[in-house]
Amino acid sequence: MDTTATIWMPQQASTIASEVDALFYFVYWISIFFLAVITIGTIYFAVKYRRRGERDQLTTGPDGNHTLELIWSIIPTLIVIVMFAWGFQTYLKMNVIPKDALEIKVTGYQWAWVFDYPEGFNTGGELVVPKDKPIKLLMHSKDVLHSFYVPAFRVKMDVLPNRYTSLWFEAMYEGEFQIFCTEYCGKSHSEMLGMVKVLSQQDYDKWVEEQGNDSGQPPEVKGEKLFTSRACNTCHSIDGSKSVGPTWKGTFGSTETMASGETIIIDENYVRESILTPNAKIVKGFNPVMPTFQGILNDKDIEALIAYMKTLK
Ligand code: CUA
């Protein structure tokens, strides 16, 4: 851990962070300087040349001053050129992704983040990465616009449906760093959070190895974990209260009336269909707003969720 955090800015935890801050402070202090000069000048002249007597005592200003005009044209132009050149250089660094970057797929949906690793497993809400290694995030959304933001890394990118966007970073310190969604995306936008967990390369390798084997874990225990890590809980309650979607309490095995008027018994097939093609059969009184979990939950995950649902009597 270092202590680069200030009252204005979080810790600089990625390789690009100090450059982003340097550019920001350059623009910031130039703006403060001119704000001060212009404000003080305005007040000074307003007082010094205020009208004291009759109208015919108005002062006459100069007709023009080429030196002055050149100065106030050339100096700001130079400052703006420096801002552009510097900004463009940093922009390129942030957008040209190193070839050896580790690629992780990010899926945003209402209201959670899922991270798909090249080894074939995924995690919900927690992005685990190795330290000192460029990480490329290839991102897309299942539903509406989201935005992926890690303040400590100074990286932010919109996450769109039907289109990939990407960003990259290299974490400098081990630890946990907050992820925010910074595009208003509905009721639980403010709860669309996550954590980047930075590990040493050895710990990361060990972690990857552990991901493959969740054997020995009872399905309903795994299902309970998935229920929160994949954010089912943002729309489905387990205490019987009505939320965005139907509650899971006492739902399995019950008979429900669909929006179409037909009556259906909530069994394994209905739950599976509702996870993969949520809008096929909507329970009466609810809106068709659930995103598909195709590609986020595999067969084993769905079985685990069903097993958990069965325990909610
Ligand atoms: Cu997703 Cu706001």
Side-chain angles (χ1 to χ4, degrees), residues 8-11 13-14 16-17 20 24 94-95 97 103-117 121-129 135-169 171 176-198 225-238 241-248 274-279 282 286-298 301 305:
W8 312 114
M9 295 278 199
Q11 179 197 6
S14 77
I16 197 75
V20 172
F24 169 79
M94 296 180 81
N95 281 272
I97 299 171
E103 185 175 304
I104 298 170
K105 233 183 95 200
V106 178
T107 307
Y109 60 92
Q110 289 167 318
W111 288 277
W113 303 102
V114 164
F115 306 101
D116 276 274
Y117 287 78
F121 62 86
N122 62 23
T123 62
E126 193 176 65
L127 171 62
V128 180
V129 297
I135 309 294
K136 173 188 177 176
L137 300 182
L138 185 65
M139 311 192 287
H140 86 287
S141 165
K142 285 261 180 204
D143 38 47
V144 299
L145 289 181
H146 303 278
S147 182
F148 185 89
Y149 180 35
V150 184
F153 295 168
R154 312 291 194 272
V155 290
K156 171 153 72 174
M157 182 55 74
D158 281 359
V159 178
L160 317 173
N162 305 319
R163 186 182 159 173
Y164 288 111
T165 52
S166 52
L167 65 77
W168 81 275
F169 62 83
E176 296 201 351
F177 304 94
Q178 183 71 53
I179 300 167
F180 290 106
C181 175
T182 46
E183 185 71 55
Y184 181 69
C185 55
K187 184 181 78 79
S188 300
H189 156 71
S190 63
E191 290 160 46
M192 192 169 166
L193 304 170
M195 277 290 176
V196 187
K197 202 170 166 187
V198 182
K225 285 183 194 154
L226 287 169
F227 185 72
T228 40
S229 75
R230 300 306 187 270
C232 311
N233 60 343
T234 55
C235 294
H236 300 280
S237 77
I238 53 167
S241 61
K242 191 182 165 177
S243 182
V244 177
T247 183
W248 279 25
S274 297
I275 289 172
L276 297 175
T277 47
N279 297 340
I282 299 289
F286 293 94
N287 293 316
V289 293
M290 178 163 155
T292 170
F293 282 75
Q294 196 111 43
I296 293 178
L297 298 169
N298 62 28
D301 296 336
L305 281 166

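Quick caveat: nothing in here was measured; it's all calculated off a predicted structure. Counting begins at 1 with the first residue of the sequence. Counting starts at 1 for both ligands and their atoms, following the listed order.
Scored by the side chain to side chain contact (heavy atoms under 4.5 Å, CB included) test, N298 finds K300, D301 as partners (sequence neighbours excluded).
Remark: K142 fails to qualify as a cation-pi partner of F293 under the 6.0 Å distance and 45° angle criteria applied to the six-membered ring.
As for H146, its N/O/S atom nearest atom 1 (Cu) of ligand 1 is the one called ND1. If you look at E183 and ask which of its N, O or S atoms sits nearest atom 2 (Cu) of ligand 1, the answer is O. Nearest N, O or S atom of H189 to atom 2 (Cu) of ligand 1: atom ND1.
Closest approach of Q11 to F177, counting heavy atoms only: OE1-CE2, 3.4 Å. The minimum heavy-atom distance between H236 and P246, with the atom names listed, is ND1-O, 2.7 Å.
Our summary of the site lists the angle at atom 1 (Cu) of ligand 1 between SG of C181 and SG of C185 as 110°, to the nearest 10 degrees.
Inter-residue side-chain proximity for W168 and N95 is flagged as unmet; no heavy-atom pair is nearer than 4.5 Å.
For atom 1 (Cu) of ligand 1, the set of nearby N, O or S atoms under 2.8 Å includes one belonging to M192.
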